[in-house]
Amino acid sequence: MAHSKNRATDGKITYPPGVKEISDKISKEEMVRRLKMVVKTFMDMDQDSEEEKELYLNLALHLASDFFLKHPDKDVRLLVACCLADIFRIYAPEAPYTSPDKLKDIFMFITRQLKGLEDTKSAQFNRYFYLLENIAWVKSYNICFELEDSNEIFTQLYRTLFQVINNGHNQKVHMHMVDLMSSIVCEGDSVSQELLDTVLVNLVPAHKNLNKQAYDLAKALLKRTAQAIEPYITNFFNQVLMLGKTSVSDLSEHVFDLILELYNIDSHLLLSVLPQLEFKLKSNDNDERLQVVKLLAKMFGAKDSELASQNKPLWQCYLGRFNDIHVPVRLECVKFASHCLMNHPDLAKDLTEYLKVRSHDPEEAIRHDVIVSIVTASKKDLSLVNDHLLNFVRERTLDKRWRVRKEAMMGLAQIYKKYALQAEAGKEAAKQISWIKDKLLHIYYQNSIDDRLLVERIFAQYLVPHNLETTERMKCLYYLYATLDGNAVKALNEMWKCQNMLRHHVKDLLDLIKQPKSDSYSKAVFSKVMVITRNLPDPGKTQDFVKKLAQVLEEDEKIRKQLETLVSPSCSCKQAEVCVKEITKKLGSPKQPSNPFLEMVKFLLERIAPVHIDTESISALIKQVNKSIEGTADDEDEGVPTEQAIRAGLELLKVLSFTHPVSFHSAETFESLLGCLKMDDEKVAEAALQIFKNTGSKLEESFPHIKSVLLPVLQHKAKKCPPRQAKYAIHCIHAMFSNRDTHFAQIFEPLHKSLDTDNMEQLITPLTTLGHLAMLAPEQFAAPLKSLVANFIVKDLLMNDRIPGKKTTKLWVTDDEVSPETLAKIQGLKLMVRWLLGVKNNQSKSGNSTLRMLTAILSSDGDLTEQGKMGKPDMSRLRLAAGCAVLRLAQEPCYHEIITLEQYQLCALVINDECYQVRQAFAQKLQKGLCRLRLPLEYLAVFTLCAKDPVKERRAHARQCLVKNINLRREYLKQHAAVSEKLISLLPEYVVPYAIHLLVHDPDYVKVQDIEQLKDIKEALWFVLEILMAKNENNSHAFIRKMVENIKQTKDGQCPDDPKINEKLYTVCDVAMNIVISKSTTYSLESPKDPVLPARYFTQPDKPKAANVLGAVNKPLSATGKLQTKLSRMETTSNASSNSNPSSPGRSKGRLDSADVDHSENEDISMKSPSETEKPSRGRKRGAAANQDDKGLESKPKRGRKKAANTSTDDAKDQWGEDSSMVEATLETEDEQNSPPKRGRRGRPPKSAASKDETPSKGRRGRKKTAPPADEENEEEQEEEEDDEDDAGSENMEVKPKGTQTRVAKSYLTFSLDVDRSLYMCLGLFHGFYLTHTICFSGGRSRAAAKQEEESEEEMDIAQQSEDEEDESMDSSPKVSFLSPETLIVMENQVRR
């Protein structure tokens, strides 16, 4: 050993045995050979061989010389590096090298050699691996901790290892690298930012994607050293996030990406960083908040993330960002929701409320992404979303933006197909989303063509996939139809009808194209093109494409034939698919991937192609129905009761028989339907009869064996079966058989002879059958029908009450509870109407007699005989039948002409009937006739009376009807420009004169100046004007204004000489005028056309030069707003006295509390205490006396006008055989009366109970009190006496104005500070003046005016002179009327209170 030390001290190098000196004097190959032997020697040495360690110490120092460290040959350097690694192992823990610079050079040298690990296929790779393994195992680099440049050494080592790692390395290489680097982190005193960046940079997405192995290496290193490196990571984020020192690292801009990666690697690395994120979520910097939100969305949404449960404050803070003011932040939160719902269902409850708010976000993109998030989660697993979330999607199907609606509808459709049709989650899931099919079909009610087209596409692809096999497709349709709600069924039926109509339009276009070209050809084609265009999206752009298609069809015969096949009634589903493919292929172009023309054609083909229904499909559907009838179908498995499935199946067949009648033409189909006719179920038999009616036009020729069996069945049903079956049986015979006259005679004769009023139940079906025979063959049975109506229907049936009705307070009962006698009377009325509709002329004056009969029923509350035998429910039924009968007759021009204004008004009052069901059914009948454009326009005004209906749903329904009819007529006028000569019967604005006329003759409008009644008038007018004025199309506001002005220049056509009625007319016009003025800014423009008033309703305009007293005496007030200036130009006189108010003994004395309206009008309230009980009553009640004398209240108030007291039942029985009719006498008596009928007030329930000291207010329509309080009676009697005195005073006055004598109505202007502004706007008054101006015109003057006559004589002269000057420039100024002194007193009292 001493010898060795001496040798080391001497500096002499000792080489292993067999190894000569290694110097620069030998060749490279020799040097490599000798170094390999040295490497072998060091490899075999261990740390315990002290002697060898001393022996080779100088050799170790020699190998670390610059000669070897900087040798140009890589093999030499590798061998030297291996030797040095072994030297560090052998001499550990003390290295033989003591110079810091030398140590740095050695480790930098070894690091450079590690780059050789990159090439795994190199011959020297094993030596490189040995080098890595050696230094990793020994932790050689730990020696550098003491060096000043240790950070540089470690950083270079880390960079080298991250650079060389690749997918060719095995797990051992990866492990040794991790061991080597982790020892430096774990055993070192600190980790520099530079070293940390070297690790973290591999987590940045850009680097991560370039070298996945480096990312894995960094991930493994961080996991290994999590506890040791966490403080340094925390410090880094603290510097960047909290202190904003972005210069500390080049990775500052990737800080949020690094947080996400570190969280995914080990959440403990960020224990101190996450609270900083909560602070950043509240940053004022929008972009910073957005970055944090994106980061946390990924952290919270990660599959195995427990961050939400571990850090609830951060979770709650994040949820708050759903309401962030910055749109991109909210959008990012919403996008995150789907991942969160899918990966963390337990968080759905927290998300629901925030998603609800965002589903109503003002930004379209956010609402859209809410839908996407919920639908995405639902499609993965329905259990991930709750019902609330699905309801958000449901709501968005009605979003104002098409993109959102489309996404919601498509999302629901996909969910339905997956879980309902394919049943991927079982029956419970299918039941949970069963509402989707109904909701999707309800959208077909929307006006947008895009919505309707999408519903059709969804139906064809998701609800009943057209690519299913025929039997399966029909089974799917069968059970879908059986489980739809009523509205969805109507929508589906409408969809098929629209598609069928469009098919007919296309077929018409093809037929036109075949015709030779002429002058009319282009117009006809253009007209048809326009019709087709309106059935496609974006009609403005589509019009050109449809024109182009028409040109293509003219030029290309092949495409034309394909399209003819497609629209042919006999086209099968398979043929349709082939035709669609051929047409699109022919029109498509590979060079033009985006082809708007082709897209339009596809839309058209989608709508007209019969992809569901053909002859084979109908046959399969009928077989499915037969299975249900036989009990072999799996109805219960589908969740549908068998009876319901059968009925629905036949209803479905009935609808399809209308849209696809040719598909039913098969013996198998008709035989199956014949079997259905023989079933006991009435609904089944009715549906089968309707199907035969729609499809059996060629049955007699093509299927004679079916005819021979069917005819006796139809004849039997016409005679013996329930009324509806009898009706359809008659229509079947009429539609299917050529010798129908013979068959009708075989049915008519026995039924006519067997009519007997002793058995009412047996009378209903014969009357129904005879009624339809009368309509279909009126000439064949002309004589017996007239005798039947006059002698049997009127005298024996309608004019006799045989069986007393049940005494009940209910106004309506179910159909089963209606007495047979009432049902027979209803059928008798229908028979009369059907007979008239069949005859279609009034030569025999039968129409007049029938109308008198019907209005007599309405006038008598339904009790025509007035014997008091009928029950209230029966009377309600007869009132409804009479009202609907008038509507039916009004649809025929020859009968519409003979309906008097009084009859029209009585019919209109049915919509205010005291019975809710009567009002409802009548409104539906009215709407049906109006929508078909068969009822004249004046009947649209009837809906104006619904403004005061006490039931909110009825008012809403009436408003919907008005909107639909107004839009329908406007659209019709746009499409049919040639009907301008019929403008008065179609233009919706022309409903205003009719509405004014109805309100003038409203029995509730008794006192002209009554504030409550004027409020009702205003409400009724605004009910219709609000819809008319919603759009100022073609300056319609000015047109309405002009029309009202013109009416004020006329008199009432019904009672032109009645000053009371005319005063009402002008007052209602005032209200209408001021509504127009207050709600429009364009009313003063020039009217586009001069309105034409209906001659029956108004007289010809008169143009008197009236003295403008108001303009001279009362100078215009300086009130702000356009209303005053407009009124000052319109001030003139009316032609009626304002104080001729009639008495109204039949008025209801008081108003009900609004709480009373909540319960049903028609429920039995007989058990209530006397203080609570009210006698149910319609809104219209007939007055007690025929004259103006106040004779008290009659015990039984009636509807309509008062009948003559001496009219007897016997006289009425002869009204058909002889021309002395009871009803005619009644009407003659009524015509002698000038006063309007006295009825109880109608209207909505009051908002608050009226105080006792106010004027008597109106009673609630629909109910009437059994007996009004005595004090109220006295109060009203006093009012009536005062009115009578005023009338007498006005009659004895003489008017002698200077100049030309002119009748002038007095006018009173009242300005008060605290009275309801809306009322004053209605009355043309201005709010804001606490003063009262009372200007009395000459004419029917009040006592106050008489006292001031002498004092104001000079002012009157000035007024006359002023008016004469004004008349020179204004010849036809409208008449006005204002408030009376009595009204002023009432209003002043209200102000004081």
Side-chain angles (χ1 to χ4, degrees), residues 486 489-490 643-644 647-648 650-651 654 679-687 689-690 717-718 720-730 757 759-772 793 797-798 801-834 857-858 861-864 869-885 887-888 910-911 913-928 951 953-954 957 1160-1164 1176 1178:
V489 167
K490 290 178 182 177
E643 184 178 351
Q644 178 182 337
R647 288 189 177 186
L650 284 166
E651 284 296 319
K654 181 177 73 176
M679 292 181 62
D680 296 331
D681 191 314
E682 290 184 17
K683 295 291 184 182
V684 172
E686 287 174 19
L689 285 168
Q690 287 178 276
K717 288 190 174 295
K720 302 293 184 182
C721 287
R724 289 181 64 83
Q725 292 188 40
K727 164 187 171 180
Y728 294 129
I730 293 297
T757 56
N759 190 342
M760 290 295 180
E761 290 185 5
Q762 300 295 328
L763 193 59
I764 299 171
T765 295
L767 288 175
T768 303
T769 302
L770 292 173
H772 286 280
I793 300 298
L797 183 61
L798 295 177
D801 295 334
R802 292 169 175 77
I803 304 173
K806 295 180 180 179
K807 298 299 180 182
T808 176
T809 56
K810 292 183 179 180
L811 297 175
W812 191 266
V813 292
T814 61
D815 293 347
D816 298 336
E817 298 178 67
V818 181
S819 67
E821 182 177 3
T822 300
L823 293 176
K825 288 183 176 182
I826 292 172
Q827 289 301 329
L829 290 175
K830 290 183 176 180
L831 187 150
M832 295 165 62
V833 172
R834 287 168 182 155
I857 294 173
L858 293 176
D861 281 353
D863 186 3
L864 185 61
K869 291 184 179 181
M870 298 189 70
K872 289 184 177 296
D874 295 332
M875 293 165 65
S876 297
R877 294 274 179 168
L878 285 172
R879 290 197 304 274
L880 175 60
C884 293
L887 291 181
R888 286 286 302 276
V910 179
I911 209 164
D913 195 273
E914 63 181 332
C915 178
Y916 174 85
Q917 287 80 1
V918 172
R919 302 200 299 273
Q920 183 181 39
F922 182 79
Q924 290 172 350
K925 289 286 186 182
L926 179 62
Q927 171 72 351
K928 187 176 180 181
V951 181
E953 289 75 13
R954 299 302 329 134
H957 175 261
S1160 171
E1161 290 183 15
N1162 302 322
E1163 63 188 6
D1164 195 341
R1178 292 177 305 287

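Quick note: numbers below take in every heavy atom, side chains included, and nothing from hydrogens, waters or symmetry partners. All residue numbers refer to positions in the sequence shown, counting from 1. Owing to the predicted nature of the structure, the values given are computational and were not obtained by experimental measurement.
One distance of note links NZ of Lys683 with CZ of Arg724; it measures 5.5 Å at 0.5 Å rounding. Rounded to the nearest 0.5 angstrom, Leu770 CG and Lys830 NZ are separated by 14.5 Å. Cys915 SG to Met875 CE: the interatomic distance, rounded to the nearest 0.5 Å, is 11.5 Å. The NZ atom of Lys928 sits 8.5 Å away from the CZ atom of Arg888 when rounded to the nearest 0.5 Å.
Minimum interatomic distance between Gly883 and Leu858 (heavy atoms only, all atoms of both residues): N-CD2, 4.0 Å. Looking at every heavy atom in both residues, Val813 comes nearest to Arg877 through O-NH2, 2.8 Å. Here the shortest heavy-atom pairing between Val684 and Met679 reads CG1-SD, 3.6 Å. Among all heavy-atom pairs drawn from Arg834 and Thr768, the shortest one is NH1-O, 4.1 Å. Asp913 approaches Arg919 most closely through the heavy-atom pair O-NH1, 2.7 Å. When every heavy atom of Met760 is checked against every heavy atom of Ala824, the shortest pair comes out as SD-CB, 3.9 Å.
With hydrogens and angles ignored, the 3.5 Å screen pairs no side-chain donor or acceptor of Thr765 with any backbone N or O of Lys720. A donor-acceptor pair under 3.5 Å links the side-chain atoms of Glu821 to the main chain of Arg802, judged by distance alone. A donor-acceptor pair under 3.5 Å is absent between the side-chain atoms of Arg954 and the main chain of Ile911, judged by distance alone. Judged by distance alone, with hydrogens and angles left aside, the side-chain atoms of Thr769 form a donor-acceptor pair with the main-chain N or O of Ala718 at under 3.5 Å.
Leu926 has its side chain out of reach of Val910: every pair of non-hydrogen atoms, C-beta onward, lies at least 4.5 Å apart. Side-chain atoms of Leu878 and Met870, non-hydrogen and from C-beta on, do get closer than 4.5 Å to each other. At least one side-chain heavy atom of Leu767 sits less than 4.5 Å from a side-chain heavy atom of Leu797. Side chains of Leu689 and Gln725 form a contact here, defined as non-hydrogen atoms less than 4.5 Å apart. Leu880 is not listed as a side-chain neighbour of Ile826, based on a closest heavy-atom distance of 4.5 Å or more. Residues Val918 and Leu811 form no side-chain contact, since every pair of their non-hydrogen atoms from C-beta on lies 4.5 Å or further apart.
Around NZ of Lys654, the count of heavy atoms belonging to other residues, nucleotides or ligands within 6.0 Å exceeds 12. In Glu761, the CD atom is not crowded: 12 or fewer heavy atoms of neighbouring residues, nucleotides or ligands sit closer than 6.0 Å.
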| request: Please report the C-alpha distance between Met832 and Leu798 in whole Å, then the side-chain angles of each, then the deciding distance to 0.1 Å, and finally whether the side-chain contact (heavy atoms from CB on, under 4.5 Å) criterion is met. | output: CA-CA 11 Å; Met832 295 165 62; Leu798 295 177; 3.9 Å; yes
| said: Could you go through Arg647 and Glu643, starting from their C-alpha distance and side-chain angles, then the distance that decides it, and tell me whether this counts as salt bridge (charged side-chain N to carboxylate O under 4.0 Å, His left out)? | reply: CA-CA 6 Å; Arg647 288 189 177 186; Glu643 184 178 351; 3.4 Å; yes
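Residues Asp801 and Lys825 are paired through a salt bridge, judged by an N-O separation under 4.0 Å between the basic side chain and the carboxylate.
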